[in-house]
Each structure stands twice: as structure tokens, then as C-alpha cells.
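Report on the structure given below.
Since this is a predicted model, take the numbers as computed values, not measurements.
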Amino acid sequence: MTTQSNTPAGWYPDPHGAPQTLRYWDGSQWTEHTNNQAQQAPAAQQAIPQQQFPQQQAPDARVQRQVQQQAGVVAGGPGGGTLFTEPVLVVNQKAKLIELTNEYKVMDQNGRELGSVTEVGQGALRKILRFVSSWDQFLTHKLEIRDAYGQPQLLLTRPAKIFKSRVIVSRPDGSPVGEIVQQNMIGKINFAMNVNGQQVGAIKAENWRAWNFAIVDHQDNEVARITKTWEGLAKTLFTSADNYVLQIHYQLPEPLLSLVVATALTVDTALKQDSRGWN
């Protein structure tokens, strides 16, 4: 599996935190090759400014509790260290008393930051409209999924709508990945994942409140799961921020993988952001 990145291939500090260990980055993903002799790394690579690469982070106990205790996900081994190679993605919305722009942090199961999501294309008038009314929910929304280096990976576009939501998923270069389309408005909310007019999977709410979702392939086999976790009393009472855990059961092929990675953001944008008015 490859991902888009401007980081050159080479030996870098192990993203899994192993001491005095270098791991080889092939230009698109971390490989299984390691080097325990850090001093043997090429001098040119050692001279690359460290700030070009994400700083290694210690595990975050709060995120681990969110994953294991609230979402019920059993702790597993380390993944590939990217948005597209980790088996568990934790999506936490940044809490704001007044939310004018949607922003999210994406982490692995131990709280190490893998990327971020931010709303793009908003002008001053759109922000004012969002502040003074709920009409913003009916307008077009665009979210950009970025990796840990700040490089765009996917663009989510939810066109203007009245009732049912549709989210278009594309690559940074504009090439289409697929669409996630809301199927119903009453009862357990379902979404279809379509590619070139063919359904490749679905997102199925497990209850009418649409908090937890099962993600299935075209044969109705569960391939992933979204669990909404409690964001804390202060967040619940004073902000609209939501937290989600996306568990991917096994390595998925493209474009299904990219659509699944986009699901937690799609669900939040399509449903929670519409909670002030009609679904």
C-alpha cells in the first residue's frame, strides 16, 4: 500500500519508538527494514533538518483508554505508521466554544499523531453565516485529510443539500476515488460507498441515534467499524466536538481503503454537523 508524501526515501528514527533504531522509509511507506546502528546512517540523511519529520511521541494514556475501554478495541501490535497502514484510527474533533471551522486530529491507537483534517474553502461571509444561523449546514463543505507531514492525502466534498448527504472523495490531484451517499433519513441511517457507479460497500448505523456504524464490503462482510466515544462532560455540555474510533479489521484494497479511511469524517460531517436541522 502506498501513500502520497514528499518525504524522500531513506533511514529515519523508528516511528514505533524503538531506541537507537532506524527504519527505512521507501518514499511512500515505512518498510520492515531496520538498522540498529544509528551511527552508520549516511551523513547526508543525518543532516536533514529534524523538523521536516514528525517528532516521535510517547503513548497517550487518554487515547489508549478511549480505544480500549470506550471503543472496546483490543490493543494490537504497531501498524505502518500512516493514515493508510494503521489498523486503528482515532479521530478527535478539536473542541471550540464557537465552531466556525471543522478541525480534527487523527491518531493511532496509542495517541501518536498520524495526520489532521481541516475544513477548507471557507470565506469570511461563510463563517459569519455559520456564527449567526444554521443555514451553513445546507451549503457545500470541503474537508482536507492531511498526513503527519501536512501533505494532503484526500479531499472530501459534501455538495450543498437539503435532505440526504452525498460526500465526494478525491485525491489531491483531483482524480476521483468514489462517493459516500446517504440512503435514508428515517430509522437506522445507512450510506452506500460507490465507485464508478457501482456499490463497493456500505456504512450501516447500529441504532437510530447513528452513533456506531458497521462498515461492510459489497458482499456484506464487515471490514471495519466506527465507534463514537465519550468526549468528556465539559465537551458534551459546552461544545459540539465528537470523538470516533475507526477499527479496520484487515488490509483493504484500494479504492475501498481510502473510502473507509474517509468514513469517520463523512459520518460526522453528514450527520452530526446537521444536528441543528434536518438530516
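What you find for Pro152 and Pro172 is that their closest heavy atoms are O-CG, 3.2 Å. Contact between Arg166 and Pro159 at its shortest, heavy atoms only, is O-CD, 2.9 Å. Nearest heavy atom pair, residue Val195 against residue Pro255, reads CG2-CG, 3.6 Å. Closest approach of Val169 and Ala262 over heavy atoms only: CG2-CB, 4.2 Å.
Side-chain heavy-atom separations under 4.5 angstrom define the hydrophobic clusters, and the remaining members of the one that includes Val67 are Val63, Val73, Val88, Val90, Met107, Val245.
In terms of the side chain to side chain contact (heavy atoms under 4.5 Å, CB included) criterion, residue partners of Ser116 (sequence neighbours excluded) are, by chain and number, Arg146. Under the salt bridge (Lys or Arg N to Asp or Glu O under 4.0 Å) criterion, Arg225 pairs with Glu206, Glu222, sequence neighbours left out. Lys142 meets the salt bridge (Lys or Arg N to Asp or Glu O under 4.0 Å) test with no other residue; sequence neighbours excluded. Evaluation of the side chain to side chain contact (heavy atoms under 4.5 Å, CB included) rule for Gln219 yields Asp217, Asn221 as partners, not counting sequence neighbours. In this structure, the salt bridge (Lys or Arg N to Asp or Glu O under 4.0 Å) partners of Arg62, at least two apart in sequence or on a different chain, are Asp60.
Cluster membership for Leu252 and Leu83, using ILVMFWY side-chain heavy atoms within less than 4.5 angstrom, is shared. A chain of hydrophobic side-chain contacts below 4.5 Å, direct or via other Ile, Leu, Val, Met, Phe, Trp or Tyr residues, connects Leu156 to Leu256.
Here the side chain of Gln153 pairs no donor or acceptor atom with the backbone of Ile145 at under 3.5 angstrom. Remark: the backbone N or O of Ser165 is paired with a side-chain donor or acceptor of Gln182 at under 3.5 angstrom. A donor-acceptor pair under 3.5 Å is absent between the side-chain atoms of Lys204 and the main chain of Ile215, judged by distance alone. Side-chain atoms of Glu254 come within 3.5 Å of backbone N or O of Ser258 as a donor-acceptor pair. Asn184 contributes a side-chain N or O that, together with a main-chain N or O of Asn190, makes up a donor-acceptor pair within less than 3.5 Å. Between the side chain of Asn194 and the backbone N or O of Gly197 there is no donor-acceptor pair closer than 3.5 Å.
Taking the side chain as every heavy atom from C-beta outward, Val261 and Leu89 approach each other to under 4.5 Å. Contact of the Glu179 side chain with the Val167 side chain is not registered, since no non-hydrogen atoms from C-beta on lie closer than 4.5 Å. Side-chain contact between Leu114 and Arg112 is absent, with no heavy atoms from C-beta onward closer than 4.5 Å. You'll find the side chain of Val223 stays beyond 4.5 Å of the side chain of Ile248, heavy atoms only. You'll find the side chain of Pro87 reaches within 4.5 Å of the side chain of Gln109, heavy atoms only. Counting heavy atoms from C-beta on, the side chains of Val117 and Val106 come closer than 4.5 Å. Val200 is listed as a side-chain neighbour of Leu259, based on a closest heavy-atom distance under 4.5 Å. Arg171 is listed as a side-chain neighbour of Asp173, based on a closest heavy-atom distance under 4.5 Å.
The distance from the CZ atom of Phe213 to the CD1 atom of Ile203 is 7.5 Å, given to the nearest 0.5 Å. Note that OH of Tyr244 and OG1 of Thr229 are 9.0 Å apart. Values are rounded to the nearest 0.5 Å. Here the OG1-CD distance, from Thr157 to Glu144, works out to 10.0 Å after rounding to the nearest 0.5 Å. Asp108 CG to Gln64 CD: the interatomic distance, rounded to the nearest 0.5 Å, is 9.0 Å. To the nearest 0.5 Å, atom CD1 of residue Ile180 and atom CD1 of residue Ile168 are 11.0 Å apart. We find the CD-CD1 distance between Gln247 and Ile226 to be 11.5 Å, quoted to the nearest 0.5 Å.
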Let me see the working for Phe84 and Leu154 under side-chain contact (heavy atoms from CB on, under 4.5 Å), right down to the final yes or no.
-> CA-CA 11 Å; Phe84 299 95; Leu154 293 172; 4.1 Å; yes
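No hydrogens or angles considered: nothing links the side chains of His218 and Gln199 as a donor-acceptor pair under 3.5 Å.
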